[in-house]
Structures are given as structure tokens and as C-alpha cells.
Amino acid sequence: MNVFMTGGTGFVGTTLSAALAAKGGQVTVLTRSAGRESSVPPGVTLVEGDPTEKGPWQEEAAGHDVIINMAGASIFNRWSRETKKAIRDSRILTTRHLAEAVSGRGDKQTLFLSTSAVGYYGFHGDEALDESGPPGDDFLADVCMHWEAEARTASQSGARVVICRFGIVLGTRGGALGEMLPLFRKGLGSPLGSGKQWVSWVHERDLVNIYLHLMARKDMAGPINCTAPNPVRNRKLAEALSRAVGKPFLMPAVPGFMLKLIKGEVGSILLKGQKVLPEKLLGSGFRFEFTTIEDALEDLV
Ligand SMILES: NC(=O)c1ccc[n+]([C@@H]2O[C@H](COP(=O)([O-])OP(=O)(O)OC[C@H]3O[C@@H](n4cnc5c(N)ncnc54)[C@H](OP(=O)(O)O)[C@@H]3O)[C@@H](O)[C@H]2O)c1
């Protein structure tokens with residue numbers, strides 16, 4: 001298995017590239033800043049290039065059978081015009097350039113695993129959403145729609161295109177849990193806003209196994225919800241995390257207006273959520289190791 005990855009230096013990418021290399025895969029990671037070989041897992045090679053620009057890296061990508069596309073500027077900085085542009089370009093242009101690289105592979109079949117997010121669906125209150133759910137109409141939903149559309153163009157050159165709609169990935173070395181843990185360990189954890197908003201999450205180990213499953217199952221393509229089967233409300237997540245770190249759950253909720261004041265527009269996405277179900281994974285026989293938030297947090301914390 002030879003794999004080319006964008007975003008392979010990030011929180012999820014590092015975990016996934018290490019797991020694939022440990023299984024004997026040859027993993028090449030594209031990064032905008034090479035020269036930090038010491039920080040990548042054994043079996044992973046870095047190549048330098050900016051995926052938002054065309055370049056020689058596209059030829060390098062074309063030499064691989066599996067492409068995993070995970071690049072994306074953080075969505076958690078205050079949304080100025082510039083940060084919104086970086087959020088869009090780092091995903092949409094990167095995916096366009098990868099799809100172009102795939103088209104140069106002639107008859108060789110490529111597996112193109114591109115990332116998206118449950119933000120695709122926008123906000124739906126308590127409605128449960130499978131992969132057939134309609135897209136939302138907010139900024140992130142729009143980014144996801146265009147991100148996915150660019151990935152789908154690779155199927156015109158015969159690639160098997162799988163679009164992984166991630167929920168919140170839970171792991172200790174980054175992501176949402178990495179941010180939350182220090183506060184919760186001090187006993188300062190609390191729900192956000194009403195705490196009723198849904199959080200669709202997935203344990204990082206299940207996510208790695210989802211990728212292995214999707215690689216093996218040649219019949220699977222299109223959007224796949226990469227979320228555990230039991231999404232939770234924000235209050236339940238906060239309660240479970242407090243319990244996992246052994247702290248009482250006493251803090252009052254962070255008022256929504258305060259979150260918006262501190263974080264701006266991005267604060268509002270923390271106050272809304274979506275209840276997303278992994279219909280296609282379950283239908284294909286995938287078995288989650290972590291199905292409840294309590295088990296996932298106990299393992300991670
Ligand atoms: N973590 C989650 O819970 C979650 C949930 C839903 C969706 N996702 C999506 O999954 C992907 C990976 O998430 P993550 O948490 O692992 O992200 P991360 O830790 O922030 O890593 C992002 C990666 O993208 C690259 N990158 C950052 N800014 C870029 C830019 N302006 N232009 C081009 N490349 C850029 C970085 O590569 P270099 O700096 O090495 O070039 C880095 O490896 C992202 O697309 C994210 O939107 C994540």
C-alpha cells in the first residue's frame with residue numbers, strides 16, 4: 001500500500017499515517033514546511049509543497065495508489081475575511097489539485113479518500129441525519145459542499161472516491177478533547193450555551209479502523225459519516241468528561257452570548273450541532289470499538 005497524504009502532519013493525520021506505516025504502508029506526507037523528519041512517525045516520508053498551489057508535488061502524488069486528503073486551516077480562529085478565505089482555499093484548492101493529479105494516472109486506479117465534516121448538514125436540531133441528509137446553508141456547510149464537489153471530480157478519471165464526513169474526532173493529542181482537557185482537569189468544565197446541542201463524535205482509534213475498512217471495501221464510495229453510533233448532547237459530553245477526569249460537574253454553563261463575544265461568528269457553531277448517524281458504515285458491517293461517550297473518554301483520559 002503506498003499512500004500520499006495532505007494534512008498528514010496534523011492531529012488526525014499524524015495518528016493515521018503512523019497507523020498505516022505500522023501496517024507496512026509507505027506513506028508520503030505533503031507539508032508546507034518539511035525539515036521536521038524527527039517529528040514524523042517511522043515509515044513516513046515528508047515532501048515539501050503547498051497543496052493550495054499547483055506544483056511538482058502533484059507528480060509525486062500521481063505515483064501513489066491511495067490518496068488521503070486531510071489538509072485544512074483551523075476553523076477555530078476568529079473568522080475574519082482572511083481566515084474564511086484560508087479555511088476555504090486550504091480545502092477546496094487542495095482537493096482540486098489532488099483530483100488533477102489523479103487524472104494524470106492513466107489507467108491505474110486510485111483510491112481517493114477525501115475529508116469533509118458533519119458541518120455539511122448545517123444545523124438540524126434533534127433530527128437524526130444519515131448520508132442522504134440535505135446540505136445546510138451556513139458558511140461551513142458551503143465549504144463542505146465545495147470541498148466534496150472537488151473530490152468527486154476525481155471519479156471522472158476512474159478513481160474510487162470516498163468522502164469521509166468526520167464528526168468531532170476524540171484523541172488526547174489535539175482536536176476538541178485536547179482543548180477541553182486542561183480546563184476539565186482543573187474542574188472548570190461546563191456545558192456551552194443550553195448544552196442541548198448535539199455532538200457527533202468519533203474515537204481516533206475507530207477512525208483509523210474506518211480508513212482501513214474503507215480501503216478494503218472496494219464496493220464503498222461517496223459520502224460516509226465517520227461518527228460513532230451514539231451522538232450526545234453537549235451537556236452529556238461535559239458531564240462524562242468531568243466524570244472521566246474525576247472532577248465534580250458543578251460549573252454553570254457558559255452563556256451563549258459570551259461565547260459569541262469571545263469567539264465571534266465561530267462561537268455560534270459551538271452552540272449548535274447535528275445528530276449524525278453512521279448508517280453506511282454500520283450497513284457495511286463495520287464494528288465500532290467505542291460506541292458510547294463514556295467508554296471513549298474512559299479509554300482516552
Ligand atoms: N479534528 C476534528 O475533530 C475534525 C472534525 C471534522 C473535520 N476535520 C477535518 O479533518 C482534517 C484534519 O483535521 P485535524 O484536526 O487533523 O487538523 P489539524 O491538526 O489542524 O491539521 C491540519 C493540516 O492541514 C494542513 N494545513 C493547515 N493550514 C493549511 C493551509 N492554510 N493550507 C494548506 N494546508 C494547511 C497542515 O499541514 P502543514 O502545516 O504540514 O502544511 C496540517 O497538517 C481537516 O481538514 C479538518 O477540517 C477534523
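One-based numbering, in listed order, for ligands and for the atoms of each.
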Inspect the contact between Asp130 and Lys280 and indicate whether a charged nitrogen and a carboxylate oxygen are less than 4.0 angstrom apart.
no
Please check this pair: side chain of Thr291 against backbone of Pro229, looking for a donor-acceptor N/O pair closer than 3.5 Å.
no
Using a heavy-atom cut-off of under 4.0 Å, does the side chain or the backbone of Ala73 touch ligand 1, or both, or neither?
both
Shortest heavy-atom approach to atom 24 (O) of ligand 1 - which of Pro51, Ala34, Gly72, Gly10
Gly72
Counting only N and O atoms by type, is there a donor-acceptor contact under 3.5 Å from the side chain of Gln58 to the main-chain atoms of Gly55?
yes
I'd like to know if the side chain of Thr14 and the backbone of Phe11 have a donor-acceptor N/O pair within less than 3.5 Å.
no
Going by atom types only, do Ser284 and Arg217 share a side-chain donor-acceptor pair under 3.5 Å?
no
Considering Glu48, Lys85, Met70, which one's heavy-atom position lies nearest to atom 44 (C) of ligand 1?
Met70
Please state which option from Thr6, Ile168, Thr227, Val12 has its nearest heavy atom closest to atom 16 (O) of ligand 1.
Val12
For ligand 1, note which part of Trp147 has a heavy atom under 4.0 Å away: side chain, backbone, both or neither.
side chain
Between Thr95 and Asn69: side-chain donor-acceptor atoms closer than 3.5 Å:
yes
Has the side chain of Asn225 got a donor or acceptor atom that lies under 3.5 Å from a matching backbone atom of Thr227?
no
Contact check, Gly167 vs ligand 1, heavy-atom distance below 4.0 Å
yes
With a 4.0 Å cut-off on heavy atoms, does Thr115 reach ligand 1?
yes
Quick note on ligand 1: atoms under 4.0 Å from a heavy atom of Phe166 include exactly 5 (C), 6 (C), 7 (C), 8 (N), 10 (O), 48 (C)
Counting heavy atoms only, name the option from Glu204, Arg88, Arg91 that's nearest to atom 46 (C) of ligand 1.
Arg91
